[in-house]
K.L.:
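There's a structure below that I have some questions on.
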Amino acid sequence: DKDMIDIANMMAAKASGGAVSDLRVLVQERDQLRSDLANAASRAAAVTQPIASDGTIPNGTPRRVNAQTVFKTRSKMLDFDITVYDWDAPNIYVPQVDDTYKFDWDALSNLLFAWEHNLRTWVGGPTGSGKSTLVQQACAYTGTMCRRVNLSKESSTYDLIGKVDVKNGETYFKDGVIPQAMVTPAVLLLDEADAALGDVNMALQPILEGNALVIGEDGGRVVHPHAGFRIVATANTYGSGDSTGLYSAGVKIQGRATMNRYNVFLNVDYMPPSQEMSVVKKHVSMSKPVEDMVLNFLSAYRQSYRNGAIQTPISPRNTITIARMATFYEGILGNSEATTKEAVARAINANVILSADEADADVIKGIADKVVA
């Protein structure tokens with residue numbers, strides 16, 4: 001009653017010692033809580049429903065487990081329950097667990113938080129730092145399907161949404177990866193999202209808002225997202241372009257309308273060299289001299305890259321290859337100080353120096369010469 005609200009507010013303020021001064025706020029909070037509870041109950045009911053096989057994926061059963069148990073750690077950052085999926089047969093969309101992968105628990109915690117609350121996530125970081133791998137391994141450990149799409153200036157809405165096709169003389173609409181992923185409890189991984197052009201971003205906007213997808217080319221068919229459907233974008237930048245010049249060939253400035261539809265932003269950087277070498281040692285059995293030289297090269301290289309002296313990034317994949325190749329040639333050339341240096345120099349040259357441009361190659365060669373001197 002608008003005529004009575006002032007009197008009612010005065011009485012409420014007096015009765016509560018000033019804790020309540022406007023009953024309208026209480027009413028709004030009550031309505032919001034009712035809405036939040038209804039949505040939470042709806043999500044909880046949906047994510048606990050079994051997933052029926054459709055011929056492409058097997059039958060699945062979701063269950064709730066503490067994240068510390070799932071990822072085999074005692075990190076307090078993961079002390080909350082998450083949804084995992086058990087499948088009654090191999091699921092081609094669930095990545096394989098990589099036992100050698102080392103999680104950044106803070107980044108993983110934020111990613112899982114976003115998944116639990118159905119928030120869109122943007123993961124930024126340099127090339128080869130493990131952005132996509134973080135998402136894929138999180139899916140692997142939780143049994144979550146991952147549908148990966150690599151975006152570029154060549155990407156079109158036909159690739160993502162679908163197109164009219166012909167089969168046996170009959171026309172039909174062939175779904176793209178987005179409507180296929182939306183109807184399942186899958187993570188849609190938009191790789192290199194800062195390379196997407198405007199028409200692609202416009203097509204993505206409805207699903208980034210959590211809404212249904214309307215496919216006009218298919219008679220206005222409406223595709224509603226599954227309660228377990230999630231979206232993660234990975235990119236070298238955060239949508240504002242590349243001021244370093246490292247990725248300018250492919251990166252586009254993304255509109256604020258697009259970026260505002262992402263809720264959680266993560267940064268995935270390179271591992272410290274010592275930690276990266278512990279991963280390398282799980283892949284390659286090296287002699288101590290090879291390990292020391294590769295570690296020294298990696299440390300100097302990463303520092304030069306951060307300082308801007310080198311524009312060519314290298315990833316743990318490069319480091320593993322260098323270690324593997326150096327170990328191979330150390331065995332062929334003989335295990336001595338001179339031959340070990342030659343083996344490491346050969347590996348660095350074949351894996352990194354020859355792949356870099358002329359300016360970078362000279363700097364990298366200088367680093368390598370100091371390491372194997």
Side-chain angles (χ1 to χ4, degrees), residues 102 104 107 122-135 148 150-155 189-197 233-254 259 265-277 279-280 283 290 292-326 341 343-373:
K102 286 186 175 293
D104 177 331
W122 184 285
V123 184
T127 296
S129 60
K131 302 180 294 296
S132 299
T133 308
L134 168 68
V135 179
R148 181 174 178 176
N150 285 80
L151 299 179
S152 70
K153 64 180 180 181
E154 306 298 331
S155 301
L189 175 55
L190 303 173
D191 232 348
E192 310 298 343
D194 54 0
L197 297 178
T234 65
N236 297 127
T237 69
Y238 291 91
S240 299
D242 174 32
S243 60
T244 67
L246 293 174
Y247 314 107
S248 56
V251 165
K252 306 290 185 295
I253 296 177
Q254 302 298 304
M259 298 308 298
F265 291 81
L266 309 181
N267 177 260
V268 176
D269 204 348
Y270 296 116
M271 291 179 282
S274 59
Q275 185 177 342
E276 186 168 326
M277 286 303 297
V279 173
V280 173
H283 291 269
V290 167
D292 290 342
M293 288 183 192
V294 174
L295 174 59
N296 290 338
F297 172 76
L298 178 62
S299 300
Y301 195 102
R302 291 272 192 257
Q303 187 61 48
S304 297
Y305 181 79
R306 287 193 176 90
N307 292 341
I310 300 173
Q311 303 294 306
T312 305
I314 62 172
S315 73
R317 290 186 293 270
N318 295 95
T319 314
I320 291 170
T321 302
I322 292 170
R324 183 171 288 145
M325 192 172 183
K341 289 179 179 179
V344 173
R346 173 186 287 267
I348 294 172
N349 184 66
N351 183 256
V352 183
I353 295 176
L354 292 179
S355 70
D357 62 35
E358 188 174 341
D360 273 1
D362 289 339
V363 178
I364 300 168
K365 189 176 186 305
I367 296 172
D369 287 344
K370 290 180 181 178
V371 169
V372 300

K.L.:
How long is the span from the OG1 atom in Thr127 to the CD1 atom in Ile314, to the nearest 0.5 Å?
P.N.:
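Here the interatomic distance stands at 12.5 Å.
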K.L.:
Take Asp104 and Leu134 through the side-chain contact (heavy atoms from CB on, under 4.5 Å) test and state the conclusion after the steps.
P.N.:
CA-CA 8 Å; Asp104 177 331; Leu134 168 68; 5.9 Å; no
K.L.:
Would you say Thr234 and Asp191 are linked by a side-chain donor-acceptor pair, where the criterion is simply a distance under 3.5 Å?
P.N.:
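A pair is found: one side chain offers a donor N or O, the other an acceptor, under 3.5 Å apart.
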K.L.:
Tyr305 vs Tyr270 aromatic rings, parallel, tilted or perpendicular, using cut-offs 30° and 60°?
P.N.:
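The rings of Tyr305 and Tyr270 stand perpendicular, inter-plane angle above 60°.
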K.L.:
Closer than 3.5 angstrom, by distance alone: can the side chain of Asn296 be matched with the main-chain N or O of Met293 as a donor-acceptor pair?
P.N.:
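Not confirmed, Asn296 side chain does not pair with Met293 backbone.
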K.L.:
In Å, rounded to the nearest 0.5 Å, how long is the span from NE2 of His283 to CD1 of Ile320?
P.N.:
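Rounded to the nearest 0.5 Å, the NE2-CD1 separation comes out at 4.0 Å.
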K.L.:
Between the main-chain N or O of Val268 and the side-chain N or O of Ser129, is there a donor-acceptor pair closer than 3.5 Å?
P.N.:
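It does hold such a pair.
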K.L.:
Judged by atom type as modelled, is there a donor-acceptor pair below 3.5 Å linking the side chain of Asn351 to the main-chain atoms of Ala347?
P.N.:
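Judged by distance alone, no pair lies under 3.5 Å.
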K.L.:
Strictly distance-based, threshold 3.5 Å: is any side-chain N or O of Lys131 a donor or acceptor partner for the main-chain N or O of Gly125?
P.N.:
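Yes, Lys131 side chain to Gly125 backbone: donor-acceptor pair under 3.5 Å.
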K.L.:
Are the side chain of Asn349 and the backbone of Ala345 linked by a donor-acceptor contact shorter than 3.5 Å?
P.N.:
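Flag not set: sc Asn349 to bb Ala345 has no pair under 3.5 Å.
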K.L.:
Tell me which donor-acceptor pairs under 3.5 Å the side chains of residues 359-373 have, and how far apart each pair is, sequence neighbours excluded?
P.N.:
{"unit_1": "Asp360", "atom_1": "OD1", "unit_2": "Gln311", "atom_2": "N", "d": "3.2"}
{"unit_1": "Asp360", "atom_1": "OD2", "unit_2": "Gln311", "atom_2": "N", "d": "2.9"}
{"unit_1": "Asp360", "atom_1": "OD2", "unit_2": "Thr312", "atom_2": "N", "d": "2.8"}
{"unit_1": "Asp360", "atom_1": "OD2", "unit_2": "Thr312", "atom_2": "OG1", "d": "2.6"}
{"unit_1": "Lys365", "atom_1": "NZ", "unit_2": "Asp369", "atom_2": "OD2", "d": "3.3"}

K.L.:
Taking the side chain as every heavy atom from C-beta outward, state whether Arg306 and Asp269 have any atom pair closer than 4.5 Å.
P.N.:
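SC-SC contact between Arg306 and Asp269 confirmed.
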K.L.:
Search all heavy atoms of Ala323 against all heavy atoms of Val280 and return the closest pair with its distance.
P.N.:
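Shortest heavy-atom contact: CB-CG1, 3.6 Å.
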K.L.:
Which residue is it: Lys102, Arg317, Arg302? I am looking for the one with a salt bridge (Lys or Arg N to Asp or Glu O under 4.0 Å) to Glu276.
P.N.:
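So, applying the salt bridge (Lys or Arg N to Asp or Glu O under 4.0 Å) to Glu276 and each of Lys102, Arg317, Arg302, only Arg302 qualifies.
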K.L.:
Do Met325 and Ile348 come close enough that some side-chain heavy atom pair is under 4.5 Å?
P.N.:
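No - every pair of side-chain heavy atoms lies 4.5 Å or more apart.
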K.L.:
For Pro273 versus Ser299, what's the shortest heavy-atom pair and its separation?
P.N.:
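Looks like CB-OG, 3.4 Å.
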K.L.:
Check Ala235 against Ala193 and note the closest heavy-atom contact, atom names and distance.
P.N.:
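So the two residues come closest at CB-N, 4.2 Å.
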K.L.:
Return yes if some donor-acceptor pair links the side-chain N/O of Tyr301 with the main-chain N/O of Pro313 below 3.5 Å, else return no.
P.N.:
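Absent.
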